[in-house]
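First the structure, in the form of structure tokens, and then the observations on it.
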Amino acid sequence: MLLWQRRKHLDNLAPPVELEGTMPELPEVESLSLALKEVLGSGRKILRTLVFDSKLGSLDRLAGDTLYRPERIGKGLYFPLAGGDFLQVHLRMTGRLLHHSLSREFLRYERLRLEFEEGVLSLLDPRRFATVMVVETIPQRRALDIVKDQVTAEELWERGLRKGTTIKSFLLDQSILAGIGNIYASEILHRAGIDPRRAVSSLSLTEWKAILNSASAILGLAISCRGTTISDWRDLFGRPGGYQRYLKVYGREGKPCFRCGQLLKRLKIGGRSTYFCQVCQK
DNA sequence: CCCTATGTTCCCAA
DNA sequence: CTTGGGAACATAGG
């Protein structure tokens, strides 16, 4: 409300248009990245920048610069700028990007708008956790990315031997494996038949191969579905994703396992809800 | 009022 | 040094 009033003071746009928020993991951010590559082509000049939330800091220097197709690193997006810097975007819990042509309407939860000769790129974020900043370099030391890199079971097994945590927490550790979030971690372990409470150091090489196969299949399918829409995820053009119909355990506490019929359990691991089947996952 | 939430960071304790 | 717990960020929905 405050944002809208401030916005209204700045410019003379129509009242807010209602649009929902999001919550992106690797497949969702990858879907945005692929769509942005189409939209931005070989680079698009930013005609005007509108910042509606002072939490984002000053992004004035973007106006007049050229925005190029982004690279996804983990759950983050890095857009090269003509000047050699990068625009770093992380959507956190509820951030969302929308490409549209509603040049005169202020969108609900809109925090940032980049205007191009054709179209508008907006950041929408109800909870205002998303971060946008201009940085000089992209991260050099990178975590392993199951979609972009040739990750082997051997290297994960070896990394896991030295850790004193659970496989669930290990999969969510962004400094080791980039991009896996809370939904896909539960799904990956169910498909692999691994109990999320297992000590990561106890996993065999064979079990790691199962986890890696599971992760590749699930993340790949989720990308081709343009992500998972449980409540309100939408892609760059406002369309829902399709992976929700493939979810086997996430959000299904007390419902029967599709594989064995056992009622699914939920517990907290590392402070996050974790869904699994006591029978299928050992 | 209670609880939950697809993420990350920070402080503190074991 | 590591790990986990809890709080924080801020808002909506059940």
Side-chain angles (χ1 to χ4, degrees), chain A residues 1-4 16 18-32 52-57 72-77 88-97 107-111 123-133 139 143 159-190 196-201 215 218-219 221-223 225-235 240-254 266-275:
Chain A
M1 207 45 72
L2 264 177
L3 291 177
W4 161 237
E18 298 276 337
L19 288 169
E20 300 303 321
T22 156
M23 296 185 187
E25 300 183 35
L26 184 152
E28 288 74 27
V29 180
E30 180 71 12
S31 297
L32 288 177
F52 308 130
D53 183 354
S54 57
K55 259 188 82 180
L56 291 178
R72 178 186 62 76
I73 301 178
K75 298 169 192 167
L77 289 172
Q88 177 194 66
V89 175
H90 199 298
L91 300 172
R92 304 283 181 125
M93 286 288 271
T94 55
R96 152 166 191 213
L97 295 178
L107 308 178
R108 191 173 192 201
Y109 305 126
E110 188 169 13
R111 302 180 59 206
L123 169 69
L124 316 180
D125 187 14
R127 287 170 72 178
R128 301 167 63 210
F129 290 166
T131 56
V132 179
M133 61 187 82
R159 292 286 299 268
L161 286 179
R162 290 178 274 123
K163 303 287 278 184
T165 189
T166 62
I167 178 58
K168 169 76 182 326
S169 294
F170 187 90
L171 291 180
L172 288 179
D173 186 338
Q174 300 299 303
S175 70
I176 300 171
L177 274 173
I180 297 174
N182 206 35
I183 290 180
Y184 295 108
S186 282
E187 295 298 315
I188 287 166
L189 290 173
H190 179 258
R197 299 165 293 185
R198 282 280 298 281
V200 68
S201 58
I218 286 174
L219 296 175
L221 180 57
I223 290 167
C225 290
R226 300 185 334 278
T228 300
T229 298
I230 288 179
S231 57
D232 50 22
W233 156 256
R234 296 294 185 278
D235 73 7
Y243 191 77
Q244 58 279 7
R245 70 175 180 275
Y246 296 103
L247 292 176
K248 300 291 191 290
V249 289
Y250 186 84
R252 300 194 63 247
E253 180 185 19
R266 177 175 75 123
L267 51 81
K268 294 270 185 192
I269 296 178
R272 319 293 302 281
S273 281
T274 305
Y275 299 86

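Residue numbers begin at 1 in each chain, while the letters A, B, ... track the order of the sequences.
- For the pair A:E25 CD and B:dT8 C1', the computed distance is 14 Å after rounding to whole Å.
- Neither OP1 nor OP2 of C:dT11 sits under 4.0 Å from any side-chain N or O of A:R111.
- Closest to the side chain of A:R266, from the set B:dT4, B:dT8, B:dT6, is B:dT4.
- To the nearest angstrom, C1' of C:dG13 lies 10 Å from CE of A:M23.
- Between A:I218 atom CD1 and B:dT6 atom P there is a gap of 17 Å when expressed in whole angstrom units.
- Nearest heavy atom pair, residue A:P139 against residue A:I73, reads CD-CD1, 3.9 Å.
- When the P atom of C:dA7 is taken as reference, atom CZ of A:R272 falls 16 Å away, rounded to whole Å.
- Residues satisfying the side-chain hydrogen bond (donor to acceptor under 3.5 Å, both in side chains) test with A:S273, not counting sequence neighbours, are A:R266.
- The side chain of A:N182 lies closest to B:dG7, out of B:dG7, C:dT11, B:dA5.
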At a cut-off of 3.5 Å, list every protein nitrogen or oxygen paired with a nitrogen or oxygen from nucleotides 2-6 of chain C, distance to 0.1 Å.
residue : atom : partner : partner atom : Å
C:dT3   : OP1  : A:G164  : N            : 2.7
C:dT3   : OP2  : A:K163  : NZ           : 3.1
C:dG4   : OP1  : A:T165  : OG1          : 3.0
C:dG4   : OP2  : A:T165  : OG1          : 3.0

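- Residues A:D53 and A:R128 meet the side-chain proximity criterion, which asks for heavy atoms closer than 4.5 Å.
- Using atom P as the reference point in both C:dA8 and B:dC2, the two lie 15 Å apart (nearest Å).
- Tested against A:L171 for a side chain to side chain contact (heavy atoms under 4.5 Å, CB included), the candidates A:I176, A:L177, A:N182, A:V200 yield a single pass: A:L177.
- In summary, A:R96 and A:D125 do not engage in a salt bridge, as defined by a charged side-chain N under 4.0 Å from a carboxylate O.
- The nearest pair of heavy atoms linking A:E187 to A:K248 is OE1-N, 2.7 Å.
- Between the CD1 atom of A:I73 and the P atom of B:dT8 there is a distance of 14 Å, rounded to whole Å.
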What does the list of N/O pairs under 3.5 Å between the protein and nucleotides 9-14 of chain B look like, with a distance for each?
none

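- Distances were taken from every side-chain heavy atom of A:Y275 (C-beta onward) to each of C:dT11, B:dA5, B:dT6; the shortest belongs to B:dA5.
- Atom CD of A:Q244 is separated from atom C1' of B:dT6 by 12 Å (rounded to the nearest Å).
- At a threshold of 4.5 Å between non-hydrogen side-chain atoms, the residues A:R252 and A:L247 do not count as touching.
- A gap of 13 Å separates the P atoms of B:dC3 and C:dG6, to the nearest Å.
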Checklist entry - Which is it for A:E253 and A:Y275 under the side chain to side chain contact (heavy atoms under 4.5 Å, CB included) test, yes or no, and what are the steps along the way? => result CA-CA 7 Å; A:E253 180 185 19; A:Y275 299 86; 3.9 Å; yes
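- Of the candidates B:dT8, C:dA12, B:dT6, B:dT8 carries the atom nearest the A:H90 side chain, counting heavy atoms from C-beta on.
- If you take atom P in B:dT4 and the same atom in C:dG5, they sit 15 Å apart, rounded to whole Å.
- Side chain to side chain, A:S31 and A:D235 fail the donor-acceptor criterion of an N or O pair below 3.5 Å.
- In this structure, A:T94 does not reach the C:dA10 phosphate: none of its side-chain N or O atoms is under 4.0 Å from OP1 or OP2.
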Item to check | Verdict with supporting geometry, A:T131 and A:V89, side chain to side chain contact (heavy atoms under 4.5 Å, CB included) | outcome: CA-CA 6 Å; A:T131 56; A:V89 175; over 6 Å; no
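- Residue A:Y184 is classed as having no contact, given no heavy-atom separation below 4.0 Å to the nucleic acid.
- Between C:dA12, C:dA10, B:dG7, one nucleotide has an atom nearer to the side chain of A:K55 than all others, and that is C:dA10.
- A donor and an acceptor atom never sit less than 3.5 Å apart when one is taken from the side chain of A:R128 and the other from the base of C:dA10.
- Less than 4.0 Å separates DNA chain B from at least one heavy atom of each of the following residues of residues 170-181 of chain A: A:Q174, A:G181.
- When the side-chain nitrogen and oxygen atoms of A:Y109 are compared with OP1 and OP2 of C:dA10, none of them lie within a distance under 4.0 Å.
- With sequence neighbours excluded, the residues that form a ring-ring contact (aromatic ring centres under 6.0 Å, His included) with A:Y243 are A:Y184, A:Y246.
- Between the CE atom of A:M93 and the P atom of B:dT8 there is a distance of 10 Å, given to the nearest Å.
- Proximity of A:L267 to A:R197: side-chain heavy atoms (C-beta onward) are separated by under 4.5 Å at one or more points.
- Residue contacts for A:T131: at a heavy-atom cut-off of 4.0 Å it reaches no nucleic acid atom on any strand shown.
- By the 4.5 Å heavy-atom criterion applied to side chains, A:P240 and A:R234 are counted as neighbours.
- A stacking contact between A:F129 and C:dA10 is absent: the pair does not combine a ring-centre distance of less than 5.5 Å to the base's six-membered ring with planes differing by less than 30°.
- Looking at heavy atoms from C-beta onward, A:L91 lies in side-chain contact with A:L32 at the 4.5 angstrom threshold.
- One can find a donor-acceptor pair under 3.5 Å joining the base of B:dA5 and the side-chain atoms of A:R127.
- Atom CD of A:E30 and atom C1' of B:dT6 are 16 Å apart (whole Å).
- Considering only side-chain N and O atoms, A:K75 lies under 4.0 angstrom from the phosphate OP1 or OP2 of B:dT8.
- Counting only Watson-Crick or G-U wobble pairs whose defining distances are both under 3.5 Å, the stems of 3 or more consecutive pairs in DNA chain C are B:2-5 with C:11-14, B:7-14 with C:2-9.
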